[in-house]
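Keep in mind it's a predicted model, so treat the numbers as computed, not measured.
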Amino acid sequence: MFKPELLNTIKKYNGKTFVNDLLAGVIVGIVALPLAIAFAIASGVSPERGLFTAIVAGFCISVFGGSRVQIGGPTGAFAVIVYGVVAQYGYEGLVIATLMAGVLLILLGAFKMGGLVKFIPYTIVTGFTAGIAVTIAAGQIGDFLGLTTGKMPGDFVGKIATYAKTIGTINWYAFAMATICLVIIFLWPKVSKRIPGSLIVIILATVVSVILEKTCGLTLDTIGSRYGEIPSSLPKPTVPSFDLNTIVSLFPTAVSIAVLAAIESLLSAVVADGMIGTKHDSNTELIAQGIANIASPIFGGIPATGAIARTATNIKNGGRTPVAGIIHAITLLLIMLVLGRFVVYIPMAALAAVLMNVAWNMAGIPAVKALLKGQKSDICVLAVTFFITIFIDLTVAIEVGLGFAAFFFIKKMIDVSEVQAKKDSITGGISGNGTEEIIDLPKDVMVYEIEGPLFFGTVRKFELATEQAGVNYKALILRMRNTIYLDAGGLKALEQCKAACDRKGVTIILSGIHTQPYLLLEKTNMLQVFGKENVYDNITSALERAKVVASQGK
């Protein structure tokens with residue numbers, strides 16, 4: 001059932017909560033201003049589109065979302081995808097892709113698929129996040145150094161090649177400005193953690209740039225010189241025309257946007273839950289993300305999702321309900337209406353410093369270092385996802401990363417699985433002193449201990465074990481107490497084992513069978529094939545049955 005968190009929190013809303021939300025919303029709105037502009041520029045679109053996104057999408061995510069404190073808007077994670085789409089299809093192509101992504105997100109939420117996003121391995125999330133961080137940083141080198149590059153290519157290698165060719169055009173004034181801004185951002189938390197360093201450097205850099213231009217004639221590339229004037233109001237809603245061919249060609253991009261929006265928004269919601277001790281509704285959150293990504297491009301915006309840093313800022317400043325997110329969007333709208341004309345004076349070098357800091361924070365260096373100390377399979381998945389994100393495409397990175405992760409998981413399950421033949425004795429129930437008893441096996445009884453899942457990857461081990469066994473027994477007990485999963489391949493192996501034992505006059509008895517294997521055997525009528533009288537939940541009962549079978553065969 002779709003029930004936004006706003007409806008739940010408004011029932012017990014009071015004046016004190018509103019004051020806290022008002023303060024948090026205003027602060028987050030101010031914090032979001034430079035980030036919205038910076039992310040738009042990093043995405044290859046004009047800066048006002050970042051503001052439109054933060055206002056429209058941020059409002060929708062707070063009104064319709066399943067988290068109490070989620071703050072939505074443009075994020076660095078989309079920069080790589082958006083830049084490529086705009087370069088190839090133009091802004092209209094991006095609008096179509098984002099609209100389709102919005103529909104996909106709504107469908108994911110409506111069909112209660114929110115929980116599935118959590119199954120994307122941590123190594124893949126870390127890998128593509130670090131890859132995006134490197135790509136964002138690479139996109140800012142030109143403005144950080146003040147290079148005269150002209151129109152930049154969308155791919156990583158092309159950008160690096162362009163920088164290498166134009167390194168002789170470095171602007172030392174821009175480089176100094178960007179370096180000082182970056183140093184201030186890194187050191188600012190020692191001064192204040194409530195007011196973000198990114199906002200401080202944007203204000204200081206703009207003031208210094210204007211003063212030095214008027215007094216010393218020193219000029220820097222600014223938002224105004226590159227993009228022109230910034231609108232002081234939201235544009236009229238528009239939807240571009242499109243056809244089936246356009247939808248087909250942009251559908252993979254729409255999937256990428258939807259998956260990334262889902263992952264980042266739900267990760268942000270989980271982080272928020274840990275900070276305030278609540279639990280979000282992931283399906284409602286996905287529907288809200290879908291609504292936001294439909295509304296945003298209609299009003300001239302770009303893709304949006306939940307922003308972890310802004311959400312954390314909201315919480316730390318006292319925001320506890322979606323009202324804070326709504327106020328954040330209204331604050332941004334008022335800033336754009338009143339102060340939008342001053343945005344044109346912001347130096348590109350200062351924005352490059354802000355984005356370099358964003359890239360550094362996104363890179364997750366501690367997480368990467370921790371994974372590099374782990375097992376080789378995790379390192380491989382991390383590295384593959386990381387490099388494919390940088391050099392090819394985020395969608396391909398996630399797909400290949402999932403493929404590698406699945407392969408290594410299957411291999412690990414195969415490695416840990418084992419089938420052991422027991423002819424003389426086995427461990428059984430717990431004795432009086434708390435240890436497992438040793439049970440001697442009857443002469444004509446053999447026990448196979450199946451350790452781990454019996455599926456297509458481990459079937460061959462089972463087959464080899466049963467093939468190598470002798471035939472000097474009347475009853476074969478398959479002890480499955482450590483087999484919690486059985487698939488069609490495992491089922492076929494059991495069927496073949498049963499047929500081989502029938503030819504040799506051997507009765508198969510199943511012991512310690514778990515729920516999933518039991519239900520599968522029942523559904524496929526294999527229980528009738530084995531005979532329910534030969535299926536037991538413990539080894540003691542199975543051995544009693546084996547003794548009866550062995551005695552009958554004499």
Full working for side chain to side chain contact (heavy atoms under 4.5 Å, CB included) between Ile315 and Arg320: CA-CA 7 Å; Ile315 295 170; Arg320 288 297 180 272; 3.6 Å; yes

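- Rounding to the nearest 0.5 Å gives a distance of 10.5 Å between CD of Gln496 and CG of Leu491.
- No donor-acceptor distance shorter than 3.5 angstrom exists from the side chain of Asp378 to the backbone of Leu371, with no hydrogens or angles considered.
- For Phe408, the CZ atom sits in a packed shell: over 12 heavy atoms of surrounding residues, nucleotides or ligands are nearer than 6.0 Å.
- Shortest non-hydrogen contact noted between Gly44 and Val86 is O-CG1, 3.8 Å.
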List the steps and the verdict of side chain to side chain contact (heavy atoms under 4.5 Å, CB included) for Val529 and Lys498. CA-CA 9 Å; Val529 173; Lys498 175 71 169 60; 4.2 Å; yes

For a side chain to side chain contact (heavy atoms under 4.5 Å, CB included) check, start with the C-alpha distance between Thr253 and Ile81, then their side-chain angles and the critical distance, and finish with the verdict. CA-CA 8 Å; Thr253 301; Ile81 298 176; 3.9 Å; yes

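- With sequence neighbours left out, Thr246 forms a side chain to side chain donor-acceptor pair (under 3.5 Å) with Asp243.
- Scanning both residues, Asn293 and Ala261, for their nearest heavy atoms gives ND2-CB, 4.4 Å.
- The only member of Glu451, Glu418, Glu449 that meets side-chain hydrogen bond (donor to acceptor under 3.5 Å, both in side chains) when paired with Asn482 is Glu451.
- Using a 4.5 Å heavy-atom threshold, the side chains of Ile302 and Phe78 count as separate.
- Asn314 places no side-chain N or O within 3.5 Å of a backbone atom of Arg310 that could act as its donor or acceptor partner.
- Annotation for Leu372: atom CG counts as buried by contact number, over 12 foreign heavy atoms lying within 6.0 Å.
- In this structure, Ser265 contributes its side chain and Ala262 its backbone to a donor-acceptor pair below 3.5 Å.
- Glu264 and Thr75 share a donor-acceptor pair across their side chains, judged by distance under 3.5 Å alone.
- Other residues, nucleotides and ligands contribute more than 12 heavy atoms inside 6.0 Å of the OH atom of Tyr536.
- Scanning all heavy atoms of the two residues, the minimum distance from Pro303 to Ile257 falls at CB-CG2, 3.9 Å.
- The 12-atom threshold is exceeded at CZ of Phe386, counting heavy atoms of other residues, nucleotides or ligands nearer than 6.0 Å.
- Within the 4.5 Å cutoff, the side chain of Phe156 has heavy atoms near those of the Val134 side chain.
- At a threshold of 4.5 Å between non-hydrogen side-chain atoms, the residues Lys412 and Gln375 count as touching.
- Residues meeting the side chain to side chain donor-acceptor pair (under 3.5 Å) test with Asp155, sequence neighbours left out: none.
- Exactly one residue among Leu454, Val447, Ile513, Ile508 makes a side chain to side chain contact (heavy atoms under 4.5 Å, CB included) with Leu478. That residue is Ile508.
- Considering all non-hydrogen atoms of both residues, Ile120 and Ile263 come closest at CD1-CD1, 3.2 Å.
- Here the closest non-hydrogen pair linking Gly76 and Ile132 is O-CG2, 3.5 Å.
- Residues Ile124 and Leu402 meet the side-chain proximity criterion, which asks for heavy atoms closer than 4.5 Å.
- With hydrogens and angles left out, the side-chain atoms of Thr311 and Gln70 include a donor and acceptor closer than 3.5 Å.
- Proximity of Leu35 to Val358: side-chain heavy atoms (C-beta onward) are separated by under 4.5 Å at one or more points.
- Taking the side chain as every heavy atom from C-beta outward, Met446 and Leu441 never approach each other to under 4.5 Å.
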Carefully, step by step, assess Phe128 and Leu260 under the rule side chain to side chain contact (heavy atoms under 4.5 Å, CB included). CA-CA 10 Å; Phe128 77 64; Leu260 195 54; 3.6 Å; yes

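- Side-chain atoms of Glu285 come within 3.5 Å of backbone N or O of Ser67 as a donor-acceptor pair.
- Remark: the backbone N or O of Thr507 is not paired with any side-chain donor or acceptor of Asn534 at under 3.5 angstrom.
- Here the CG atom belonging to Leu510 is positioned 8.5 Å from the CE atom belonging to Met526, to the nearest 0.5 angstrom.
- Counting only heavy atoms from C-beta outward, the side chains of Leu527 and Val535 approach each other to under 4.5 Å.
- Remark: Phe242 CZ to Met100 CE distance equals 8.0 Å, nearest 0.5 Å.
- Tyr83 carries Lys159 over the face of its six-membered ring, with the cationic atom under 6.0 Å from the centre and within 45° of the normal.
- Ser417 places a side-chain N or O within donor-acceptor distance of the main-chain N or O of Ile414, the cut-off being under 3.5 Å.
- A donor-acceptor pair under 3.5 Å links the side-chain atoms of Gln516 to the main chain of Leu486, judged by distance alone.
- Distance check: Leu108 CG to Leu266 CG gives 9.5 Å after rounding to the nearest 0.5 Å.
- A distance of 8.5 Å separates CD1 of Ile106 from CZ of Phe2, quoted to the nearest 0.5 Å.
- In this structure a side-chain-to-backbone donor-acceptor pair under 3.5 Å is present from Thr483 to Gly452.
- Between the CZ atom of Phe530 and the CD atom of Glu495 there is a distance of 8.5 Å, given to the nearest 0.5 Å.
- For the pair Pro121 and Ala405, the tightest heavy-atom approach, listed with the atom from each and the gap, is CG-CB, 3.9 Å.
- No donor-acceptor pair under 3.5 Å is formed between the side chain of Thr126 and the backbone N or O of Thr123.
- Thr321 and Asp21 share a donor-acceptor pair across their side chains, judged by distance under 3.5 Å alone.
- Side-chain contact between Thr278 and Glu5 is absent, with no heavy-atom pair separated by less than 4.5 Å.
- Taking the six-membered ring for Trp and thresholds of 30 and 60 degrees, Phe391 and Phe387 have nearly parallel ring planes, at less than 30 degrees apart.
- Between the side chain of Thr17 and the main chain of Tyr13, no donor-acceptor pair closer than 3.5 Å is present.
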